[in-house]
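First the structure, in the form of structure tokens, and then the observations on it.
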Amino acid sequence: MNVGLIWAQTPEGVIGADNAIPWRLPEDMAHFKATTLGHPVVMGRKTWDSLPVRFRPLSGRRNIVVTRDPRWEAEGAERAGSITEALELAAEPSEPAAVPAETWVIGGGEIYRAALEYATTLSVTEVDAAVDGDAYAPTLGPEWKAAQDDGWQSSASGLRYRMRTYTR
Ligand code: VY7
């Protein structure tokens with residue numbers, strides 16, 4: 001099974017502030033949904049909490065949440081005690097004959113750092129904004145090569161952004 005990480009960051013690497021994404025980029029939300037739909041998604045408990053209640057669980061996807069709290073539970077989510085447990089869960093078919101080809105890790109900062117070693121693909125949206133944050137994208141080693149780059153685009157919201165895929 002392929003493991004991908006998907007995030008959006010500023011040029012400085014900020015991905016979040018106060019448990020939220022500090023910009024609004026509808027094109028990136030659409031890209032996120034299109035990329036992850038139909039695949040298991042793995043997220044940390046703080047990212048789960050950050051999703052607006054009406055969007056939880058993320059529809060059309062198995063939602064696997066990583067937490068050390070053995071008593072944590074939420075409707076529509078499966079609990080995992082570690083990244084490796086989450087990826088094992090994701091690799092098991094949710095119904096017979098439905099073995100997933102890929103899993104997307106959707107955040108946040110702590111989870112990206114723990115999951116990077118298992119990833120073969122990264123989908124990174126760079127948002128040309130200067131914002132303060134407290135959650136950061138993982139640092140990429142030289143083994144990660146930009147495989148695809150659509151160049152700078154202008155959002156209807158006024159922000160510039162570009163989407164890149166990295167592989168190794
Ligand atoms: C997370 C939301 C957050 C706030 C309000 C609505 C990249 C993104 C993420 C995570 C963007 C989010 C949402 C958007 C997705 C909808 C449900 C509502 C869906 C990431 N590149 N971009 N993110 N939702 N990990 N990576 O906006 O979600 O997919 O159904």
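These figures come from a predicted structure and were not determined experimentally. No hydrogens, no waters, no symmetry mates; every other heavy atom, side chains included, goes into these values. Ligands are counted one by one from 1 in listed order, and the atoms in each one are counted from 1 as well.
Here the protein heavy atom with the shortest distance to atom 13 (C) of ligand 1 is M29 CE, 4.0 Å. Residue, atom and distance of the protein heavy atom nearest to atom 9 (C) of ligand 1 are F32 CD1, 3.5 Å. The protein heavy-atom contact nearest to atom 23 (N) of ligand 1 is I21 CD1, 3.5 Å. The protein non-hydrogen atom at the shortest distance from atom 21 (N) of ligand 1 is D28 OD1, 3.0 Å. Atom 16 (C) of ligand 1 has as its closest protein heavy atom L58 CD2, 4.4 Å. Remark: minimum distance from atom 28 (O) of ligand 1 to any protein heavy atom is reached at L51 CD2, 3.4 Å.
Residue W48 is grouped with residue F32 when hydrophobic side chains (ILVMFWY) are merged at heavy-atom distances under 4.5 angstrom, including chains of intermediate members. A chain of hydrophobic side-chain contacts below 4.5 Å, direct or via other Ile, Leu, Val, Met, Phe, Trp or Tyr residues, connects I64 to M1. Side-chain heavy atoms closer than 4.5 Å link hydrophobic residues (I, L, V, M, F, W, Y) into clusters, and following such links, even through other members, never connects V127 to W7. One hydrophobic cluster holds both I15 and L122 under the rule that ILVMFWY side chains link at heavy-atom gaps under 4.5 Å. No continuous path of ILVMFWY side-chain contacts below 4.5 Å connects V124 to M29, so the two sit in separate hydrophobic clusters.
In this structure, P52 is part of the shell of residues with a heavy atom less than 4.0 angstrom from ligand 1. Using a 4.0 Å heavy-atom cutoff, Y161 is absent from the residues neighbouring ligand 1.
Using a distance-only test at 3.5 Å, with no hydrogens or angles considered, a donor-acceptor pair links the side chain of N63 to the main chain of L58. The closest donor-acceptor contact from the side chain of S157 to the backbone of L25 lies at 3.5 Å or more, if one exists at all. Using a distance-only test at 3.5 Å, with no hydrogens or angles considered, no donor-acceptor pair links the side chain of Y118 to the main chain of N2. With D134 contributing its side chain and D18 its backbone, the two residues share a donor-acceptor pair below 3.5 Å.
Taking only nitrogen or oxygen atoms, main chain and side chain alike, I6 reaches within less than 3.5 Å of ligand 1. Checked against a 3.5 angstrom limit, the closest N/O atoms of T36 and ligand 1 fall outside it. Remark: ligand 1 and R61 share an N or O pair separated by less than 3.5 Å (distance only, no angle test). At under 3.5 Å, a nitrogen or oxygen of I106, whether backbone or side chain, sits near a nitrogen or oxygen of ligand 1.
Residue contact check: T125 has heavy atoms under 4.0 Å from atoms 21 (N) of ligand 1. Within ligand 1, counting atoms from 1 as listed, the ones closer than 4.0 Å to a heavy atom of A8 are 7 (C), 21 (N), 26 (N).
Residue-level proximity to ligand 1 for Y112 is carried by the side chain, the only part with a heavy atom below 4.0 angstrom. When heavy-atom distances to ligand 1 are checked against a 4.0 Å cut-off, W7 comes that close only through its backbone atoms N, CA, C and O. Within the 4.0 Å heavy-atom criterion, neither part of V124 lies near ligand 1.
Between T67 and R79, the closest heavy-atom pair is O-NH1, 2.9 Å. When all heavy atoms are compared, the tightest approach of I83 to V42 is CD1-CG1, 4.4 Å.
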